[in-house]
Amino acid sequence: MNHWLQLLILLRNSSNAAACFLRSPGHVTAPSEDTLSKIVSLAGQAYLQEEVEIHLLSGVLLASTTQRKAWAAVGCDDAVLQNLITRYLPGPAPESLLDCFWIHAPILTVQGQAVQCIQMLLTLNGQDQKNVCLGHPRPEQSIRDTLTQGFRLGTREWQGFMYWFLQPENDQPVSGDSLGLTAALAARFLFQSRPWPRGLYATGAVDMSGTLLPVVHTRDKIRSVAYDCRLFLLPQGNYLPALTDFSEITSYCCDVDDACRSVEMFVQEVPANTMHLYQSCLYSVTELLSHFHALPFFVLNSPQCQQLLLSSGSRSGQYLDKLCKALQQCSYDPERGKLLAAILNPEKILTLIRQHPQLVFSGFNWCLACINLYNHIGRIERSEQWTSLAEHLISRVDAQELNRFLNKEFVATRFNRYDFRPDLPPALCALLEQEENKQEIISGRNYLLGALYGTLAQNYGFCGPDWLDSLLEMCEKAAPCFGNKHYLNRNRLKNYQIYALIDSKRAEDALALVNPYLLLSPGAGPDQWFQHVLQLLMEKEVNREHSFQAALVLRVLSFIGYALPLADSLLNIHFCSHHPWQLIALNLGKIHYAGNRENEAVRLFHHCLRICLAGGSTMRAMGLLPLAEMHYLGCAGKQEYEQADTIRKHLVHTNGLHSDHFSIITDITAAEELLDIVRQQRSVLFPFSYR
């Protein structure tokens, strides 16, 4: 219900209920002139004129400049407001208070036997660095000192504030030292120009170092606001088993920084009971590495997390196994993976193994995880470093690890370099023969052999339509090797088949595989596929498998000329900056353009280009694809043509890519002609799953 209509109803029916309601700040949206007139009239009859005037003034102070214009239109112009400020907030120049940015924070205080929630309005004191209490009643000096200390701890620098408790003059003033934590949080929010989050409450005393000290009446305070509370912050010393009924909304903190981290998690909609896990990860290297793959980035990027990562690197002999496992879990998640990969370089790993020979297995696995990570983002030069070290360690690891390395090395030296040919390296041929011989003796699941067949299927896909039969044969061989245990790997084979069938212009066969691949009912068609993709892309964190599913389906839809339905919105998609998100953006752009949404299409093409340019050489070359689309659609300008020539020059001078593959375009200096050829020959330059 509208705030002001609710107040009007309460004034008409219960003056006591209205008085309680008026203790909250006024709403920033102005009431209608008629509603305001009735509120003022009924307040006078209920002897609540002072409370209503304070309520209205607080609403105006919290309002934005635009919202204040609406207040002026209903009679609350500058003259009226300055009169109210002179009456209730004497001292500062009225116009200076109207120019400030204000926030409000709930202060929980015990008055008599009951807990009262009194709102405090807070703003920066632009005149000097003094903290000034405005209005009446004013708390005792000791309480004002507690607030000053809380403000300082919240901003970590000397800064003046002005604050006002929304209370009638004859009310009992705020008391107790438990408002220190709330003051610190409020100062932090104000300093960042952010409002106090709705549903957040806190109680706790603070000492000069920022440590939270236990306070009394915590159970009563939680109960008093439980109806509205989504997170209640308490000092660690106030932990009580009796409060387990409120475990879903309570979080215990050691100091002000701890509390601020909890608030950031709260803003990110992290449940209170999950916050305890996140907090523990900032005090223990073991906990941090165990949960690294699932921690949100505001935790990973915190100074505490960075310090723990440095600590794990300086004691890598102790933590190498845990670091290795964490990196393996993040090797398809570049944003997280790069944070870990930066901890140890090849020289440090080699030195570590020399000092501790028993760590050779973990060191080798660290190499594999790094190769996997840099393969995924097309950083050829980085994967080369780790490939060289892995080759140095090969003789000291078992055959299983050697086999994994050869498979990853093939991807690094062929797919990522655009070196597409059907013949295999001798070492990989020997590995394949060895695993096939084992399979003849012991039939059943063989994950490594399935992975090898899958890699070969991809290789045949990149070699083009002439090798379609070989790709289908490899997929058929791989499926029983994966069995039901490795369902995702088995299902991924359909992904390869669909891409290859599209390249071979066998649209009907490709479309027939989409429903089984997505596990949709046989009757589902393009509209259902597109809705399925939207659901995948709007997940809070899109996992690796879902991103590849989305990339494939969007490629299929753009291939058949699917147009974006007018009712659909893609505003909730949060793009990542690694493969295959550049292809998701590219084909979404084509679908937008087919739906007559040219501006959105161009925006997506530019987004695709940004992702490509942020990646390694493998992805940088793909930047020609969105540029070719913009050129074809007549949307390219001087900047786009310059970027196309910059990519061409990179293809000429880089040592990482197979130069012959791009020979048809590297000598073309006219950007328009270059992009014409890229679009005409896109299935040759970017075959299979690279467009």
Side-chain angles (χ1 to χ4, degrees), residues 289 292-293 309-310 312-317 319-419 425-428 431 448 451-452 455 458-459 544 577-579 614-621 654-658:
L289 296 178
F292 197 91
H293 64 285
L309 289 178
L310 286 174
S312 69
S314 63
R315 293 183 287 168
S316 49
Y319 291 114
L320 183 58
D321 284 341
K322 294 181 175 62
L323 281 166
C324 185
K325 185 175 181 180
L327 183 57
Q328 287 172 335
Q329 291 176 306
C330 298
S331 59
Y332 289 102
D333 186 348
E335 284 80 7
R336 286 185 175 83
K338 285 186 285 189
L339 292 175
L340 288 169
I343 296 173
L344 298 170
N345 57 35
E347 293 74 21
K348 194 164 186 177
I349 288 288
L350 193 55
T351 300
L352 193 63
I353 292 173
R354 285 172 181 159
Q355 294 171 347
H356 307 281
Q358 72 276 14
L359 294 177
V360 65
F361 180 78
S362 296
F364 186 80
N365 276 327
W366 177 268
C367 293
L368 294 188
C370 286
I371 294 169
N372 216 25
L373 170 67
Y374 293 121
N375 277 351
H376 191 59
I377 56 178
R379 294 278 183 195
I380 297 168
E381 68 288 353
R382 295 286 181 86
S383 61
E384 275 182 344
Q385 296 175 352
W386 294 105
T387 299
S388 297
L389 178 57
E391 288 174 342
H392 178 74
L393 300 175
I394 277 177
S395 61
R396 300 168 63 184
V397 298
D398 60 30
Q400 186 73 13
E401 299 310 309
L402 168 61
N403 296 345
R404 289 174 57 213
F405 167 69
L406 290 175
N407 203 21
K408 294 181 188 303
E409 183 190 37
F410 183 72
V411 174
T413 56
R414 291 288 189 89
F415 302 170
N416 278 13
R417 295 177 185 273
Y418 292 87
D419 184 2
L428 199 65
L431 171 61
L448 176 59
L452 282 171
T455 300
Q458 291 178 77
N459 191 51
R544 172 187 175 234
S577 58
H578 56 82
H579 183 70
S617 294
T618 310
M619 286 176 60
R620 201 172 307 167
T654 182
N655 294 322
L657 302 181
H658 183 53

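Index from 1, following the sequence.
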Engineer: Taking side chain as C-beta onward, heavy atoms only, is Asn365 less than 4.5 Å from Gln328?
Structural biologist: yes
Engineer: If you measure from NZ on Lys408 to CG on Asn375, what distance do you get to the nearest 0.5 Å?
Structural biologist: 8.0 Å
Engineer: Are His376 and Tyr332 close enough that their ring centres sit under 6.0 Å apart?
Structural biologist: yes
Engineer: Can you find a heavy atom in the side chain of His658 that is under 4.5 Å from one in the side chain of Arg414?
Structural biologist: no
Engineer: Would a distance-only check, ignoring hydrogens and angles, find a side-chain to backbone donor-acceptor pair under 3.5 Å from Asn416 to Ile380?
Structural biologist: no
Engineer: Could you tell me which non-hydrogen atom of Leu657 sits nearest to which non-hydrogen atom of Ala621, and how far apart they are?
Structural biologist: CD1-CB, 4.5 Å
Engineer: Nearest 0.5 Å please: distance from the CG atom of Leu406 over to the CG atom of Leu431.
Structural biologist: 5.5 Å
Engineer: Search all heavy atoms of Glu335 against all heavy atoms of His578 and return the closest pair with its distance.
Structural biologist: OE1-CD2, 3.2 Å
Engineer: Does any non-hydrogen side-chain atom of Leu340 lie less than 4.5 Å from one of Leu289?
Structural biologist: yes
Engineer: Count the heavy atoms belonging to other residues, nucleotides or ligands that lie under 6.0 Å from CZ of Arg417, then report whether that count exceeds 12.
Structural biologist: yes
Engineer: Under a 4.5 Å cut-off applied to non-hydrogen side-chain atoms, are Lys338 and Ile377 in contact?
Structural biologist: yes
Engineer: Given side chains that start at C-beta, do those of His392 and Leu350 come closer than 4.5 Å, heavy atoms only?
Structural biologist: yes
Engineer: For the CZ atom of Phe415 and the OG1 atom of Thr455, what is their distance to the nearest 0.5 Å?
Structural biologist: 6.0 Å
Engineer: How long is the span from the CG atom in Leu389 to the CD1 atom in Ile394, to the nearest 0.5 Å?
Structural biologist: 10.5 Å
Engineer: Please name the residue in the list Phe361, Phe405, Phe364 that meets the side chain to side chain contact (heavy atoms under 4.5 Å, CB included) test with Leu393.
Structural biologist: Phe364
Engineer: Please report the shortest heavy-atom distance between Pro346 and Gln385, naming the atom on each side.
Structural biologist: CG-CB, 4.1 Å
Engineer: What are the two closest non-hydrogen atoms of Cys324 and Ser362, and how far apart are they?
Structural biologist: SG-O, 3.6 Å
Engineer: Please check if the side chain of Lys348 supplies one atom and the backbone of Ser316 the other of a donor-acceptor pair under 3.5 Å.
Structural biologist: no
Engineer: In Å, rounded to the nearest 0.5 Å, how long is the span from OG1 of Thr654 to CZ of Arg620?
Structural biologist: 7.5 Å
Engineer: Under the side chain to side chain contact (heavy atoms under 4.5 Å, CB included) rule, what do Thr413 and Thr387 come out as? Steps first, then yes or no, please.
Structural biologist: CA-CA 10 Å; Thr413 56; Thr387 299; 5.8 Å; no
Engineer: Take Leu428 and Leu452, measure what side chain to side chain contact (heavy atoms under 4.5 Å, CB included) needs, and give me the verdict at the end.
Structural biologist: CA-CA 9 Å; Leu428 199 65; Leu452 282 171; 3.8 Å; yes
Engineer: Do Phe292 and Gln329 have side chains that get closer than 4.5 Å, going by heavy atoms?
Structural biologist: no
Engineer: With the side chain counted from C-beta on, respond yes when Cys370 and Leu327 share a heavy-atom pair under 4.5 Å apart, and no when they do not.
Structural biologist: yes
Engineer: Drop me the distance from Ile353's CD1 to Trp366's CH2, to the nearest 0.5 angstrom.
Structural biologist: 12.0 Å
Engineer: Looking at every non-hydrogen atom in both residues, tell me the closest pair between Ser312 and Ile343 and how far apart they are.
Structural biologist: OG-CD1, 4.0 Å
Engineer: Are the side chain of Tyr319 and the backbone N or O of Gly313 linked by a donor-acceptor pair below 3.5 Å?
Structural biologist: no
Engineer: So, for Ile371 and Trp386, which heavy atoms are closest and what is the spacing to 0.1 Å?
Structural biologist: CG1-CB, 3.8 Å
